[in-house]
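Values below: all heavy atoms of this structure, side chains included; hydrogens, waters and symmetry mates excluded. Below, chain A is the first sequence line, B the second, and so on; all start at residue 1.
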2 protein chains.
Amino acid sequence: MLRITTRQTISMEKTMKYKPTDAELEILQVLWQNGAATVRTINDALNKDNDDTIGYTTTLKIMQIMAEKGLLSRDESNRTHIYTAEVREDEVQQAFVSKLMDSVFRGSAMKLVLQALGSGKTSTSELQQIRALLDEELENNANRTAEETAAHTPSTRKKSSK
Amino acid sequence: MLRITTRQTISMEKTMKYKPTDAELEILQVLWQNGAATVRTINDALNKDNDDTIGYTTTLKIMQIMAEKGLLSRDESNRTHIYTAEVREDEVQQAFVSKLMDSVFRGSAMKLVLQALGSGKTSTSELQQIRALLDEELENNANRTAEETAAHTPSTRKKSSK
DNA sequence: TATAATTTACGAAAGAGTTCGTAGAATGTT
DNA sequence: AACATTCTACGAACTCTTTCGTAAATTATA
């Protein structure tokens, strides 16, 4: 179940050691979707969709670099090494979103959201889901505010309606 | 007034000739906020906030390159050239959002939106604004669907309430 | 007018990322 | 066993970006 991450996540926001490059990102996508894999598997996957093929040694090289950087780990017990992603997808997503927000949207999450929604690729049902989560979040905010107020002027408290 | 861009924008989606680099983006930010400017002005602006100063010729060089690329135009009628942004902010924002959506969020605007909202930098009032726009958009969708249906089975049509 | 400051233009260096060729070792095939 | 395939490792070339030094021209200042 998708959730808007809570207040805690904000302060705990890890600054990622290395921001993956474009080529690294494509490799991570394969690993995130299919789990651990060999260079061969990943190179095949990358060349499935693309028109211009990427050389095997190119993929190998990049994955070696990623392992050095800590983006991947690898099992070398057999000759054919098996690579595993060492960064979570949502972690990387957050890093990219933060960067984008700072450099392109002057820190405004709202403008970013509106541009994303304006891209028109969002279905009605998805828009409804977003609205539902938004409502949840807004209600949390309202309750939190109410509690803080209550701490100053103690009185009877209503429980949230849903 | 901020609006979620309409359906038209989707098909007209211009593929931007050049995606600005980081350094280029910082220069564009200054131009978008303050209008046309000289190299000196921009270099000063860039060094206002930053701790490590950027050399004048560095800024100059990048702006010259940007002019070649068509990101900027310049008035050379005086010795001190005056540069103007030749790309709109929202256009560049859309290019970056599209790229991010494809490369990091596998095309899902929704996941991107949730990550952005989850960054916690959005105030309650902003969340409410987003919600309102979302409602608008959803209502438009509903009406459009209704009209399409009506085209097949002609009948009386209700006008939207707002 | 002589000197200093400003500005443009050019080029080159440094770093990061991507690509691939080649070599050598290990494995598979005939 | 001989040959072919697969895999890792290494290094080099190439592009792109950023940075700045230097030179030459113009403008400002003493």
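Near DNA chain D, defined here as any heavy-atom distance below 4.0 Å, the residues from residues 64-71 of chain B are B:I65, B:K69, listed numerically. Heavy-atom distances under 4.0 Å link DNA chain C to A:D22, A:A23 of residues 22-31 of chain A, given in residue order.
Put simply, A:Y18 and A:L100 are part of two different groups of oily side chains (I, L, V, M, F, W, Y) that touch within less than 4.5 Å, one to the next.
The side chain of A:R74 places an N or O atom within less than 4.0 Å of a non-bridging phosphate oxygen (OP1 or OP2) of D:dA9.
Using a cutoff of 4.0 Å between basic side-chain nitrogens and carboxylate oxygens, A:E89 and B:R106 are scored as salt-bridged. With respect to the salt-bridge test (charged N to carboxylate O, under 4.0 angstrom), the residues B:D44 and B:K48 do not qualify.
The CZ atom of A:R40 sits 12 Å away from the C1' atom of D:dT8 (whole-angstrom rounding). The distance between atom NE2 of A:H81 and atom P of C:dT27, rounded to the nearest whole Å, is 11 Å. What separates CG of B:N78 from P of C:dT7 is a distance of 12 Å, to the nearest Å. Following rounding to the nearest Å, A:I82 (CD1) and D:dT8 (C1') show an atom-to-atom distance of 15 Å. Separating the CE atom of A:M63 from the P atom of D:dC7 is a distance of 12 Å, rounded to the nearest angstrom. Here C:dT18 presents its P atom at 15 Å from CG of A:N43, a figure rounded to the nearest Å. Separating the CD1 atom of B:I42 from the P atom of C:dT7 is a distance of 13 Å, rounded to the nearest angstrom.
In summary, the side chains of A:T80 and A:N78 do not present any donor paired with an acceptor at a separation below 3.5 Å, with no hydrogens or angles considered.
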For a salt bridge (Lys or Arg N to Asp or Glu O under 4.0 Å) check, start with the C-alpha distance between A:R131 and A:D135, then their side-chain angles and the critical distance, and finish with the verdict. CA-CA 6 Å; A:R131 185 174 57 178; A:D135 285 343; 5.1 Å; no
Carefully, step by step, assess B:L138 and A:T124 under the rule side chain to side chain contact (heavy atoms under 4.5 Å, CB included). CA-CA 7 Å; B:L138 279 167; A:T124 299; 3.6 Å; yes
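No option in A:L28, A:N34, A:V30 other than A:L28 meets the side-chain contact (heavy atoms from CB on, under 4.5 Å) test with A:W32.
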Give the B/S/- string for nucleotides 20-30 of chain D, one per nucleotide from 5' to 3', where a protein heavy atom under 4.0 Å of the base yields B, of only the sugar-phosphate yields S, and otherwise -. BBB--BBS---
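Heavy-atom distances to DNA chain D give each of A:E76 and B:D52 a nearest nucleotide, and the one nearer the 5′ end belongs to A:E76.
Put simply, the side chain of A:I130 reaches to within 4.5 Å of the side chain of A:L117, judged on heavy atoms.
In this structure, of C:dA9, D:dT18, D:dT6, it is C:dA9 that holds the atom nearest to the side chain of B:L60.
Annotation for A:Y56: atom OH counts as buried by contact number, over 12 foreign heavy atoms lying within 6.0 Å.
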